[in-house]
Amino acid sequence: QVQLVESGGGLVQAGGSLRLACVASGGTFSSYPMGWFRRAPGKEREFVAAISRGGVFTYYTDSVKGRFTISRDNAKNTVYLQMNSLKPEDAAVYYCAASSQPGTPVTLERYDYWGQGTQVTVSS
């Protein structure tokens, strides 16, 4: 069974930066497309970014394009989300997820394994 553990959340001021990391264990990391999702209070979990198995292809929701970057290091079983120019609207619990589906899904339903989430708070 694949296990995912996120880290790197915290409190930042608007305009600041934060890097989230997700470490995977219990599976073959390089065989899984990976994604980041977030859920703000009172809202549904939302797609943020996804990356293909080899890291060549990336996808982002419109609201984070140009500000967030997803990357992966298969040798370290880790996927990252670099978040720059953070806005108060970015505040949420961020979740890492792995998919057993072909391609690189961008919908929540196509992901099979989930981390516990890490809190990101943006002030001002």
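Note that the structure is predicted; figures quoted are calculated from it, not measured. Note: hydrogens, waters and symmetry copies are ignored here, and every other heavy atom, side chains too, is used.
- Summarising the geometry of Arg53 relative to Ser31, their closest heavy-atom pair is NE-O, 2.8 Å, with the distance given to 0.1 Å.
- For the pair Thr78 (side chain) and Lys76 (backbone), a donor-acceptor distance under 3.5 Å is present.
- Considering every non-hydrogen atom in both Tyr95 and Arg39, the closest pair reads OH-NH2, 3.3 Å.
- Taking CG of Leu81 as the reference point, atom CZ of Arg19 lies at 10.5 Å (rounded to 0.5 Å).
- Listed by chain and number, the residues in a salt bridge (Lys or Arg N to Asp or Glu O under 4.0 Å) with Glu89 amount to none (sequence neighbours excluded).
- Note: Thr118 OG1 to Leu20 CG = 6.0 Å, rounded to the nearest 0.5 Å.
- Between Ala92 and Ala40, the shortest heavy-atom contact is CB-N, 3.8 Å.
- You'll find the side chain of Ile70 reaches within 4.5 Å of the side chain of Trp36, heavy atoms only.
- At a threshold of 4.5 Å between non-hydrogen side-chain atoms, the residues Pro33 and Gln101 do not count as touching.
- Side-chain contact check for Arg110 versus Leu108: every heavy-atom pair is 4.5 Å or farther apart.
- The backbone N or O of Phe57 sits less than 3.5 Å from a side-chain atom of Ser52, completing a donor-acceptor pair.
- For the pair Lys87 and Val122, the minimum side-chain heavy-atom distance is 4.5 Å or more.
- Listed for the Asp112 side chain is no donor-acceptor partner under 3.5 Å among the backbone atoms of Ser99.
- Formation of a donor-acceptor pair under 3.5 Å by the Arg72 side chain with backbone atoms of Phe29 is found in this model.
- Annotation: side chain of Asp90 is in contact with side chain of Arg67 (closest heavy-atom distance under 4.5 Å).
- Not counting sequence neighbours, the partners of Phe37 by the ring-ring contact (aromatic ring centres under 6.0 Å, His included) test are Phe47, Tyr111, Trp114.
- Annotation: side chain of Asn74 is not in contact with side chain of Tyr32 (no heavy-atom distance under 4.5 Å).
- A single hydrophobic cluster is seen to contain both Tyr113 and Val48, as judged by linkage of ILVMFWY side chains at heavy-atom distances under 4.5 Å, directly or through other members.
- The pair Asp62-Lys65 counts as a salt bridge, with a side-chain nitrogen and a carboxylate oxygen less than 4.0 angstrom apart.
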N/O donor to acceptor pairs below 3.5 angstrom from side-chain atoms of residues 2-16, sequence neighbours left out:
{"from": "Glu6", "atom 1": "OE1", "to": "Gln116", "atom 2": "N", "distance (Å)": "2.9"}
{"from": "Glu6", "atom 1": "OE1", "to": "Gln116", "atom 2": "NE2", "distance (Å)": "3.2"}
{"from": "Glu6", "atom 1": "OE1", "to": "Gly117", "atom 2": "N", "distance (Å)": "2.9"}
{"from": "Glu6", "atom 1": "OE2", "to": "Cys96", "atom 2": "N", "distance (Å)": "2.8"}
{"from": "Glu6", "atom 1": "OE2", "to": "Gly117", "atom 2": "N", "distance (Å)": "3.2"}

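- Glu44 CD to Arg38 CZ: the interatomic distance, rounded to the nearest 0.5 Å, is 14.0 Å.
- A distance of 14.0 Å separates OG1 of Thr69 from OH of Tyr80, quoted to the nearest 0.5 Å.
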